[in-house]
Amino acid sequence: MKNNAKNGIIALAAIAAGLCNALIGAGGGIILSFCLNRFHSNVFDDKRDIYVNSQASMIPGCALSCILYSMKGMLAVRGFSLLAIPAVIGGIAGSLILPKIKIKWLKTAFALLVIWSGYRMLTA
């Protein structure tokens, strides 16, 4: 597949990722990780960089949707305050641990999380 086609698919995936995150608060990084792994894995020397880039690219969209939801009065400050600090702590811990995890285990953990979360979403 030519680079222009790959870039087009990734751009569409990024739109879908932003939409998914804005609607259900999750899943955008999964979409981007899959697409980067499928269409641009040769760009990354270390496959862990796919996950890092997927996550980093979600930051602007998540921030903007949070601002827009907040402007509409849809952001519960209590819920946000309960989650924000522990999420930052988890993010710091993950960034320290990621370089030490073999890519095989990371892929397995990622796949299991996707399967488990899909099951929970359907049964909850």
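- Here the straight-line distance linking atom CD1 of I103 with atom CG of D49 works out to 9.0 Å at 0.5 Å rounding.
- The side chain to side chain contact (heavy atoms under 4.5 Å, CB included) search around V52 returns L98, not counting sequence neighbours.
- Scored by the side chain to side chain donor-acceptor pair (under 3.5 Å) test, S57 finds no partners at all (sequence neighbours excluded).
- S65 is linked by a side chain to side chain donor-acceptor pair (under 3.5 Å) to nothing, counting only residues two or more places apart in sequence or in another chain.
- Residues passing the side chain to side chain contact (heavy atoms under 4.5 Å, CB included) test with I30 are F110, V114, sequence neighbours excluded.
- At a threshold of 4.5 Å between side-chain heavy atoms, the hydrophobic network of Ile, Leu, Val, Met, Phe, Trp and Tyr places I15 and I9 in two separate groups.
- Within a 6.0 Å radius of CZ in F44, more than 12 heavy atoms belonging to other residues, nucleotides or ligands are found.
- The side chain to side chain donor-acceptor pair (under 3.5 Å) analysis of residues 68-91, with sequence neighbours excluded, yields no pairs.
- Taking each heavy atom of S54 and G29 in turn, the nearest pair found is CB-O, 3.9 Å.
- Here I85 sits in one hydrophobic cluster together with I89; the rule is ILVMFWY side chains under 4.5 Å apart, joined directly or through other members.
- Every residue two or more places apart in sequence or in another chain was checked for a ring pair (Phe, Tyr, Trp, His ring centres under 6.0 Å) with F39, and none qualifies.
- Annotation for A17 and L32: closest pair CB-CG, 3.7 Å, computed over non-hydrogen atoms.
- By the side chain to side chain donor-acceptor pair (under 3.5 Å) test, R48 is found to be paired with D46, residues two or more places apart in sequence or in another chain being considered.
- The environment of N3 atom CG is dense: over 12 non-hydrogen atoms of other residues, nucleotides or ligands sit within 6.0 angstrom.
- When the side chain to side chain contact (heavy atoms under 4.5 Å, CB included) test is applied to S41, the partners found at least two apart in sequence or on another chain are N37, K47, I50.
- Heavy atoms only, all atoms of each residue included: C20 and I31 are closest at CB-CD1, 4.1 Å.
- Hydrophobic side-chain contacts under 4.5 Å tie W116 into a cluster, directly or through other members, with L113.
- Scored by the side chain to side chain donor-acceptor pair (under 3.5 Å) test, N7 finds H40 as partners (sequence neighbours excluded).
- Between the side chain of N21 and the backbone N or O of G28 there is at least one donor-acceptor pair closer than 3.5 Å.
- A continuous path of hydrophobic side-chain contacts links W105 to Y51 [ILVMFWY only; heavy atoms under 4.5 Å].
- L64 belongs to a hydrophobic cluster with I67, L68, M71, counting contacts under 4.5 Å between side-chain heavy atoms of Ile, Leu, Val, Met, Phe, Trp and Tyr, direct or through other members.
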